[in-house]
Structure formats: C-alpha cells, structure tokens
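Step one of this worksheet: look at the structure below.
These figures come from a predicted structure and were not determined experimentally. Hydrogens, waters and symmetry mates play no part in the numbers below; they use all other heavy atoms, side chains included.
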Amino acid sequence: MVREEYTTTSPGTNLDRPEPQYIYNVGIYGWRKRCLYLFVLLLIIILVVDLALTIWILKVMWFSPIGMGYLHVESEGIRLEGESEFLYPLYAKEVHSRKDSSLLLQSTQNVTLNARNDDGNITGRLSVGPNMVQIDSPEFQINSMNLDGKHLFTVNETEVRIGTDKLRILGPEGALCEHSIETPLIQSQGEELKLESPTRTLSMDAPRGVRIKAQSGGMEALSHEDIRFHSSGLLTLDATLRLPALPQGTDGESGSFQELYEVCVCPDGKLFLAAAAQESVCLEYSPVCQQST
C-alpha cells in the first residue's frame with residue numbers, strides 16, 4: 001500500500017512534488033505468487049476431473065432415483081433384474097422370482113442353504129452338489145399342495161412315512177428290502193406280482209390271517225427246500241388240488257390196474273398214493289414211509 005500526498009496549486013504555478021516519506025508493500029509477489037496461481041489451477045483441474053469421474057461412475061453404475069442398475073429399491077424390499085452374482089453370503093427373509101419366470105440358483109461348485117436359530121447355530125442345511133443332494137435336518141417332510149396339506153413323505157431318525165394312497169415302484173428289479181415290510185396290501189396292476197427271497201426265507205405273518213388272491217391268473221410258489229404251512233386252526237384249500245408228482249406206493253403185489261387211489265400220509269408228513277379199496281389200505285402200504293426218497 002502506498003500513501004501519497006498531493007498539493008493543490010493554481011494554474012501556471014510550478015511546484016516540485018515532494019517525495020513520499022513512507023512506502024509500505026502489502027501482498028504476494030514473485031515466485032510465491034506464481035506458486036499460488038499454480039496451486040489454484042491444480043485444484044481446479046482436480047475438481048473438474050473428480051466431477052467428471054463422479055458423473056462417469058453414476059452413468060456406468062446406472063444410478064437412478066429408484067436404485068442402481070438392475071437393483072431397484074422398493075417398499076417391499078429389493079428387486080434384481082437379470083442375472084446377479086454374490087461373492088459373499090446373502091442374508092434374506094424371503095427370496096422369490098417374478099410371476100412370469102422361475103428362480104435359478106447357480107454355482108460352479110454347489111448351492112448350500114442354511115437355517116440358523118437365534119444363537120447362530122445351523123439347524124437345517126440343504127446342499128445341492130454336482131454328484132448328490134444332501135439334506136441335514138432332524139426331519140424331512142413333503143406335503144401336498146392341496147388345501148388339506150396332506151403329508152406325502154416324511155423321513156426322520158426313527159422311521160419313514162409315506163402318506164400317498166398308492167406306492168408304485170417302476171424299476172425292473174422291483175423293491176429290495178433287507179428287513180421286514182409292514183403293509184395291509186401288496187398289489188400289482190396289470191403285471192405279474194413276484195415275492196422273492198434269493199438267499200433267505202420268505203415269511204408272511206398276520207394276526208388275523210394271510211390272504212393270497214389271483215383274480216385273472218394262476219399262483220405259483222417255488223422253493224429250493226420245503227414249503228410249510230403252519231396254522232393253529234384249520235387249513236382250508238377251497239380249490240381243486242392236483243399233485244402230479246406224488247409218488248405211488250406198492251404193497252409188493254404187481255399187476256394191479258386200479259383207477260382209484262387213496263392219498264396216504266406218513267408220520268413224517270410225506271404223501272404217497274395207494275390203490276384204493278373198500279377200506280383204507282394206507283397201513284398195508286406203510287413200508288413206503290420207511291423207504292428213502
């Protein structure tokens with residue numbers, strides 16, 4: 001700042017202007033001024049670049065008043081359009097797709113869904129891998145989509161329950177049961193029904209009896225050893241009984257051409273035929289029971 005003094009003179013008067021007695025310089029001059037201008041220019045350039053990058057990020061990420069890109073924030077939650085990739089765990093109360101498309105969960109290794117309690121411990125787990133689907137839960141249950149919500153299939157640590165009206169096995173080898181089966185009815189529709197035990201015995205027990213019925217065909221029972229029927233009551237065979245391979249006993253006499261025979265029973269349960277007479281001849285043919293079979 002420079003202070004100057006002025007002297008008023010009349011026209012035509014020449015007076016020497018006195019030199020100022022005091023001069024004060026206030027401001028930034030020299031290289032400091034140039035550095036200040038350079039810093040201000042650099043700050044303006046950084047501000048312009050920052051604003052340009054911000055606008056570019058907003059444009060690339062598709063920021064809008066309703067969300068970011070395919071991610072839309074709504075009153076009911078978050079809606080994603082198209083394919084989405086999550087690099088870390090996803091926590092959500094409900095995940096569902098649009099009404100006109102299905103929900104697809106895809107992973108290069110496996111897809112795992114965990115259910116946790118209030119303490120953070122896992123109470124249920126569903127893992128879908130490339131080789132198998134594994135479920136870790138105290139109980140696995142499938143219900144019907146009808147209004148009644150009928151139980152169709154239930155598995156827990158103690159039992160397996162099937163609630164359908166019919167259990168149909170379409171495999172050509174049938175069903176393989178290593179232990180017992182408890183059911184009120186075993187039925188085959190249109191095909192042959194076969195109950196087989198290749199290496200063990202086949203046993204059918206019921207508190208009120210066992211009923212075997214073939215409506216449109218025959219019934220055949222094959223065994224490598226003996227077939228035994230045990231009953232505390234009567235054994236009733238309401239049909240024509242044929243024994244084509246029943247041996248015929250003889251009393252030592254030859255030349256008998258009888259057409260009627262009597263079925264005799266040995267003490268050990270063996271059956272044989274004997275020529276019929278007016279009275280029973282089983283005692284006469286009893287030595288047959290002592291012969292080797």
For Phe153 against Ile162, the heavy-atom pair lying closest together
CD1-CG1, 3.9 Å
State which residues pass salt bridge (charged side-chain N to carboxylate O under 4.0 Å, His left out) with Glu159; sequence neighbours excluded, sorted by chain then number.
Arg161
With sequence neighbours excluded, what pairs up with Thr54 under the side chain to side chain donor-acceptor pair (under 3.5 Å) test?
none
For residues Leu47 and Phe39: do they belong to one hydrophobic cluster (side chain heavy atoms under 4.5 Å, members Ile, Leu, Val, Met, Phe, Trp, Tyr)?
no
State yes or no: do Val133 and Val155 share one hydrophobic cluster built from I, L, V, M, F, W and Y residues joined by side-chain heavy-atom distances below 4.5 Å, directly or via other members?
yes
For Asn110, give me all partners under side chain to side chain donor-acceptor pair (under 3.5 Å), at least two apart in sequence or on another chain.
none
Residues 122-132 side chain polar contacts: donor-acceptor under 3.5 Å, at least two apart:
unit_1 : atom_1 : unit_2 : atom_2 : d
Thr123 : OG1    : Ala115 : O      : 3.0
Arg125 : NE     : Asn114 : OD1    : 3.2

Can you tell me if OH on Tyr37 sees more than 12 non-hydrogen neighbours from other groups inside 6.0 Å?
no
Gln141: which residues meet the side chain to side chain donor-acceptor pair (under 3.5 Å) condition with it, sequence neighbours left out?
Asn143, His151
Less than 4.5 Å apart, side chain to side chain, heavy atoms only: is that true for Arg34 and Trp31?
yes
Hey, quick one: are Val60 and Ile57 part of the same hydrophobic cluster, counting side-chain heavy atoms closer than 4.5 Å, chains of contacts allowed?
yes
Whether Asn156 side chain and Thr158 backbone form a donor-acceptor pair below 3.5 Å
yes
Side-chain heavy atoms under 4.5 Å apart, restricted to Ile/Leu/Val/Met/Phe/Trp/Tyr: what other residues fall into the cluster of Ile55, or is it alone?
Leu51
